[in-house]
Colleague: 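Sharing a structure, written as structure tokens. Questions coming.
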There are 2 protein chains.
Amino acid sequence: MYYDLKETDSLAHSTAVQVSREIGRRIVSGNYKPGDLIEDEMSLSERFSVSRSVVRDAVKILVGKGLLEVRRGIGTRVQERTKWGLLDNDVLAWHLSSPPDREFLRQLMEVRLIIEPKAARWACEHGRDKQLAEIEIAQTRMEEEQSSIEDFVIADALFHRAIFRASNNEIMRAMEGLIFSALLSSIRLTNKDPRKNKESILFHRKVADAIIQRDADKAEARMESLLGDAGHRLKKQINTPKK
Amino acid sequence: MYYDLKETDSLAHSTAVQVSREIGRRIVSGNYKPGDLIEDEMSLSERFSVSRSVVRDAVKILVGKGLLEVRRGIGTRVQERTKWGLLDNDVLAWHLSSPPDREFLRQLMEVRLIIEPKAARWACEHGRDKQLAEIEIAQTRMEEEQSSIEDFVIADALFHRAIFRASNNEIMRAMEGLIFSALLSSIRLTNKDPRKNKESILFHRKVADAIIQRDADKAEARMESLLGDAGHRLKKQINTPKK
DNA sequence: ATTTTTTAAACATCATATGATTATAATTGT
DNA sequence: ACAATTATAATCATATGATGTTTAAAAAAT
């Protein structure tokens with residue numbers, strides 16, 4: 001419930017989108033399980049106090065994201081996880097309002113570890129000056145952010161996002177959502193104040209510097225270190241059951 | 001119009017999904033441009049000979065994929081490309097019914113080149129025996145396929161998909177659609193009979209063997225060669241304007 | 001026990017009406 | 001003339017009710 005940034009910002013107001021978010025969260029959080037039939041349109045419209053039209057709009061959104069399958073005469077059922085559009089920004093965001101899933105997070109980090117170093121490289125090779133400046137801005141903001149944990153993590157995410165954007169690869173850009181999901185999940189899971197970790201900020205500084213200097217090799221290597229370090233600390237935290 | 005595999009297979013019948021595909025294609029193919037207002041619900045419902053409800057369902061699907069933004073009082077406008085869920089399987093598939101975009105394809109290959117070698121590695125490390133068997137099956141099918149170009153390319157795609165699946169990483173799996181899009185686009189662009197390329201089949205054979213033997217290092221390296229080779233030939237083709 | 005028929009549940013589509021929001025045009029005040 | 005205000009038309013949002021189609025399951029017939 002805490003971290004509720006982005007998501008389909010356009011139209012975050014419309015009731016249909018709200019309902020789709022509500023249902024989407026229940027699906028992602030395992031409240032509705034794959035294969036399950038969810039309630040019929042009438043029940044849903046009563047439960048959310050909206051008309052059937054709204055329910056249908058909401059369901060259509062989720063069908064588009066691969067979370068639901070509707071068959072007339074049968075009902076609406078939750079798709080198998082393999083059908084889900086896991087890279088959809090909303091779907092990723094919904095993961096944040098569910099109990100953090102360690103295995104999912106591990107896989108997320110695994111992918112980040114191969115994606116982001118290349119993003120850093122491409123930022124050096126194809127990034128426009130203005131885009132690199134954005135990276136520096138995000139870095140500074142992260143170094144200076146002391147007010148809240150949340151703001152710090154968001155600054156962190158913006159840093160990584162700036163790199164994705166500077167890579168000037170559309171496919172890469174489409175993965176931006178991964179970062180927010182991974183970072184916020186990781187914070188919630190480890191429950192540690194990331195501002196305390198001066199070492200991490202140093203890692204970021206080094207990456208930023210390399211990119212600004214357009215030293216692709218260095219940037220790639222340093223991003224690997226950064227993520228490797230984060231992943232390592234994360235793993236330690238995770239494998240040590242908190243209580 | 002040729003290559004029309006997968007897409008939201010569930011419910012490919014419902015009119016709403018058909019209409020969403022039609023509009024989606026127009027957007028992806030640049031027929032409707034980002035920032036443009038598309039026709040209002042009434043006109044669309046007349047154009048497609050369906051009711052407004054169906055149009056609204058269709059539009060909702062596209063809103064969910066980030067292609068459209070609806071604002072009451074204004075209309076429905078096409079989102080900026082950066083908002084698109086480019087990794088959505090439908091969106092990728094719609095690219096296939098548009099004139100191939102060289103730059104998009106280049107970026108796709110760029111990403112494949114960093115993703116797939118790791119997928120091959122993880123297949124070795126985490127793949128279940130049955131999943132590896134699937135890879136071998138796909139490989140055999142590719143070697144034996146001689147009937148049509150299309151079938152051959154599909155066999156090729158299934159080979160790569162089998163590897164993604166064997167990686168047992170959900171995020172990775174969610175990228176399956178990339179393969180189909182990349183392979184089919186590439187064929188349409190170069191307009192060359194891939195069956196003729198015995199060398200390519202050999203590359204695939206080597207990758208498959210390495211994975212079956214669960215030799216992660218070899219698998220990763222060989223997948224790099226495979227994609228590097230493909231990318232290289234593709235580049236040559238592309239940069240040589242046909243006619 | 002098997003096949004056929006009927007029925008009820010559920011979604012698909014259509015049609016219509018009303019409310020809310022927005023941009024634009026018309027009006028008014030100065 | 002210019003600015004501020006107001007009215008209007010366009011467009012989507014939501015609600016409601018009716019009818020059609022599909023499916024699964026119950027009932028009936030053989």
Side-chain angles (χ1 to χ4, degrees), chain A residues 7-24 26-27 32-79 83 90, chain B residues 7-24 26-27 32-79 83 90:
Chain A
E7 273 201 84
T8 317
D9 40 5
S10 74
L11 270 208
H13 37 286
S14 107
T15 335
V17 172
Q18 286 174 30
V19 173
S20 82
R21 176 167 53 226
E22 198 50 42
I23 300 177
R26 292 186 193 197
I27 295 173
Y32 292 134
K33 292 189 195 357
D36 280 3
L37 283 177
I38 68 177
E39 297 145 276
D40 62 78
E41 292 177 345
M42 205 48 207
S43 317
L44 286 173
S45 81
E46 281 166 14
R47 166 189 294 261
F48 293 113
S49 308
V50 295
S51 70
R52 272 178 17 247
S53 331
V54 172
V55 170
R56 286 179 54 77
D57 281 353
V59 167
K60 278 294 174 305
I61 292 177
L62 298 175
V63 168
K65 295 183 189 300
L67 264 49
L68 288 177
E69 172 198 33
V70 189
R71 296 205 353 226
R72 81 165 120 189
I74 309 285
T76 302
R77 62 164 31 107
V78 179
Q79 289 269 31
K83 296 281 188 69
D90 292 329
Chain B
E7 274 199 83
T8 318
D9 40 7
S10 75
L11 269 207
H13 37 286
S14 108
T15 340
V17 172
Q18 286 174 29
V19 172
S20 83
R21 175 167 54 224
E22 198 49 42
I23 301 177
R26 291 185 195 199
I27 295 173
Y32 292 134
K33 291 190 198 352
D36 281 3
L37 283 177
I38 68 176
E39 298 145 273
D40 62 82
E41 293 176 345
M42 204 48 204
S43 317
L44 286 173
S45 82
E46 282 166 13
R47 167 190 292 264
F48 293 112
S49 308
V50 295
S51 71
R52 263 188 63 216
S53 330
V54 172
V55 170
R56 286 179 54 77
D57 280 353
V59 167
K60 278 291 173 306
I61 292 176
L62 298 175
V63 168
K65 295 181 188 302
L67 264 49
L68 288 178
E69 174 198 32
V70 187
R71 294 200 0 222
R72 78 164 119 190
I74 309 284
T76 302
R77 63 165 31 106
V78 179
Q79 289 270 32
K83 297 282 188 68
D90 291 330

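All chains are named by letter (A, B, ...) in the order of the sequence lines, taking the proteins before the strands, and each is independently numbered beginning at 1.
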Colleague: Sort me out a list of protein N/O and nucleotides 18-24 of chain D N/O pairs below 3.5 Å, or just none if empty.
Modeller:
{"unit_1": "D:dA18", "atom_1": "N6", "unit_2": "A:R52", "atom_2": "NH2", "d": "3.2"}
{"unit_1": "D:dG20", "atom_1": "N2", "unit_2": "A:R72", "atom_2": "NH1", "d": "3.4"}
{"unit_1": "D:dT21", "atom_1": "O4'", "unit_2": "A:R72", "atom_2": "NH1", "d": "3.4"}

Colleague: Compare all side-chain heavy atoms of A:T76 with those of A:L37 and state whether any distance is below 4.5 angstrom.
Modeller: no
Colleague: Take atom CD of A:E39 and atom P of C:dA9, then tell me their distance rounded to the nearest Å.
Modeller: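 Taking CD of A:E39 and P of C:dA9, I get 17 Å after rounding.
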Colleague: Between the base of D:dA13 and the side chain of A:S14, is there a donor-acceptor distance below 3.5 Å?
Modeller: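 Answer no: no donor N or O sits under 3.5 Å from an acceptor.
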Colleague: Answer yes or no: is there a side-chain heavy-atom contact under 4.5 Å between A:I61 and A:D57?
Modeller: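 No; the side chains remain at least 4.5 Å from each other.
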Colleague: Rounded to whole angstroms, how far apart are CG on B:D57 and P on C:dC11?
Modeller: 13 Å
Colleague: Let me confirm one number: the CD1-CG distance from A:I27 to A:L68, rounded to the nearest 0.5 Å.
Modeller: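 Atom-to-atom, A:I27:CD1 and A:L68:CG are 4.0 Å apart.
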Colleague: To the nearest angstrom, how far is A:K60 atom NZ from D:dA13 atom C1'?
Modeller: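 Rounding to the nearest Å, NZ of A:K60 and C1' of D:dA13 are 17 Å apart.
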Colleague: Rounded to the Å, how far apart are A:D40 CG and C:dA12 P?
Modeller: 12 Å
Colleague: Once you round it to whole Å, what is the distance between P of D:dG17 and CE of A:M42?
Modeller: 9 Å
Colleague: Provide, to the nearest angstrom, the distance between the CG atom belonging to B:L68 and the P atom belonging to D:dA13.
Modeller: 12 Å
Colleague: For B:L37 and C:dT21, what is the distance between atoms CG and P respectively, to the nearest whole Å?
Modeller: 19 Å
Colleague: How long is the line joining CD of B:Q18 and P of C:dA12, in whole Å?
Modeller: 13 Å
Colleague: Taking OP1 and OP2 of D:dA13, is either one under 4.0 Å from a side-chain nitrogen or oxygen of A:S51?
Modeller: no
Colleague: Would B:S53 and B:R56 count as a side-chain contact (heavy atoms from CB on, under 4.5 Å) here? Give the steps.
Modeller: CA-CA 5 Å; B:S53 330; B:R56 286 179 54 77; 5.7 Å; no
Colleague: For the CD atom of A:Q79 and the CG atom of A:L62, what is their distance to the nearest 0.5 Å?
Modeller: 11.5 Å
Colleague: Is the phosphate of C:dA12, meaning OP1 or OP2, less than 4.0 Å from a side-chain N or O of A:R56?
Modeller: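 The answer is yes; a side-chain N or O of A:R56 sits under 4.0 Å from OP1 or OP2.
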Colleague: Atom OG in B:S51, atom CE in B:M42: separation rounded to 0.5 Å?
Modeller: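 Nearest 0.5 Å value for the OG-CE distance: 9.5 Å.
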Colleague: Name the closest nucleotide to the A:V54 side chain, picking from C:dA12, D:dC12, D:dA15.
Modeller: D:dA15
Colleague: Let me know, please, whether A:T76 or A:S53 comes out on the 5' side of the other along DNA chain C by nearest nucleotide.
Modeller: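 The answer here is A:T76.
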Colleague: To the closest 0.5 Å, what do you measure between OG (A:S45) and CZ (A:R47)?
Modeller: 11.0 Å
